[in-house]
Student: 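Mind looking over this structure? Questions follow.
Everything quoted here is computed from the prediction, not taken from an experiment. Excluded from the calculations below are hydrogen atoms, water molecules and symmetry mates; all remaining heavy atoms, backbone and side chain alike, are included.
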Amino acid sequence: MLDQLLSTLQGQVAPQLVQQLGLNEGQAKGSIAAAGDSVKQVLGGGDGFGLDDVLNLFSSAQNTAGADGILDNIGKTFNQKLTGEVGLNGQQAGGVMSLVLPMLTQLLSDKVGGNAGNLQGLLGDLGKGGGLADM
């Protein structure tokens with residue numbers, strides 16, 4: 001299901017990345033893939049956060065400190081992927097993050113809505129062997 005959301009995100013934000021930031025099609029597509037990979041990496045790693053923090057992050061409620069910490073980790077991972085794997089410079093990566101991260105978070109929040117069952121369904125096998133599966 002995360003892949004479906006990334007496809008939706010691709011359709012919504014890729015044209016903006018090309019028009020507003022001057023990325024080429026490959027960079028725009030790579031940026032969306034990097035966003036998804038960042039979410040998978042951070043949530044799959046289970047880096048000391050609880051399910052309640054993840055559910056809070058992907059809900060309409062104001063973020064807790066834990067949810068903000070998860071979002072910060074996703075942002076750092078995303079930035080590293082944009083500059084390292086996609087090949088963007090720092091300014092381009094910042095522009096991509098400011099467009100993509102809020103939209104991705106909103107899409108996930110709309111789908112999850114603070115519901116643990118929806119979150120598990122969304123992430124599928126992501127947590128097998130650690131991370132969310134242990135929660």
Student: Name all residues meeting the side chain to side chain donor-acceptor pair (under 3.5 Å) criterion together with D37; count only those two or more places apart in sequence or in a different chain, and write none if there are none.
Tutor: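 For D37, no residue satisfies side chain to side chain donor-acceptor pair (under 3.5 Å) once neighbours in sequence are set aside.
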Student: What's the shortest heavy-atom distance between N118 and K111, and which atoms?
Tutor: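 Looking at all heavy atoms of both residues, the shortest contact is ND2-O, 3.6 Å.
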Student: Carefully, step by step, assess F78 and V42 under the rule side-chain contact (heavy atoms from CB on, under 4.5 Å).
Tutor: CA-CA 10 Å; F78 187 28; V42 171; over 6 Å; no
Student: State which residues pass side-chain contact (heavy atoms from CB on, under 4.5 Å) with S7; sequence neighbours excluded, sorted by chain then number.
Tutor: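 Scan of S7 (side-chain contact (heavy atoms from CB on, under 4.5 Å), adjacent residues dropped) gives none.
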Student: Specify the closest pair of heavy atoms between S31 and L88, including all atoms of both residues, with the distance to one decimal.
Tutor: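 Distance-wise, the nearest heavy atoms are OG-CD1, 3.8 Å.
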Student: Could you tell me which residues satisfy salt bridge (Lys or Arg N to Asp or Glu O under 4.0 Å) with K81, sequence neighbours excluded, listed by chain and number?
Tutor: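 Scan of K81 (salt bridge (Lys or Arg N to Asp or Glu O under 4.0 Å), adjacent residues dropped) gives E85.
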Student: Can you pull out every side-chain hydrogen bond (donor to acceptor under 3.5 Å, both in side chains) where at least one residue sits in residues 97-108? Sequence neighbours excluded, please.
Tutor: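 Listed once each, the pairs are Q106-D110.
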Student: Do any side-chain atoms of residues 9-27 form donor-acceptor pairs under 3.5 angstrom with protein atoms, and if so which ones, sequence neighbours left out?
Tutor:
residue, atom, partner, partner atom, Å
N24, OD1, G26, N, 3.0
N24, OD1, Q27, N, 2.7
Q27, OE1, N24, N, 2.9

Student: Starting from the C-alpha separation in whole Å, work towards a yes-or-no answer on side-chain contact (heavy atoms from CB on, under 4.5 Å) for N79 and M97.
Tutor: CA-CA 7 Å; N79 188 57; M97 288 179 56; 3.4 Å; yes
Student: Search all heavy atoms of A34 against all heavy atoms of L82 and return the closest pair with its distance.
Tutor: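 Of all heavy-atom pairs spanning A34 and L82, the closest is CB-CD2, 4.3 Å.
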Student: For A33, check side-chain contact (heavy atoms from CB on, under 4.5 Å) against everything at least two apart and list the hits.
Tutor: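 Checked A33 against side-chain contact (heavy atoms from CB on, under 4.5 Å); zero matches.
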Student: To the nearest 0.5 Å, how far apart are CG in L107 and CG in L5?
Tutor: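 Those atoms lie 5.5 Å apart.
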Student: Does the pair L101 and L71 meet the rule for a side-chain contact (heavy atoms from CB on, under 4.5 Å), with working shown?
Tutor: CA-CA 9 Å; L101 206 51; L71 188 58; 4.3 Å; yes
Student: State, with a plain yes or no, whether a side-chain heavy atom of L104 is found less than 4.5 Å away from one of I32.
Tutor: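 A side-chain contact under 4.5 Å is absent here.
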Student: Not counting sequence neighbours, which residues clear side-chain contact (heavy atoms from CB on, under 4.5 Å) with N56? List them please.
Tutor: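 Testing N56 for side-chain contact (heavy atoms from CB on, under 4.5 Å), a comparison that skips the adjacent residues, returns S59, A61, N63, T64, A67.
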Student: About how many Å separate CE of M103 and OG1 of T8, when rounded to the nearest 0.5 Å?
Tutor: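 Answer rounded to 0.5 Å: 10.0 Å.
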Student: If I compare all heavy atoms of L57 with all of S109, which pair ends up nearest, and what's the gap?
Tutor: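 Where L57 meets S109 most closely, the heavy atoms are O-OG, 3.6 Å.
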Student: Considering residues at least two apart in sequence or located in another chain, which fulfil the side-chain contact (heavy atoms from CB on, under 4.5 Å) criterion with D72?
Tutor: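 Only K76 meet the side-chain contact (heavy atoms from CB on, under 4.5 Å) criterion with D72.
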Student: So how far is it from N115 CG to L55 CG, rounded to the nearest 0.5 Å?
Tutor: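 Atom-to-atom, N115:CG and L55:CG are 7.5 Å apart.
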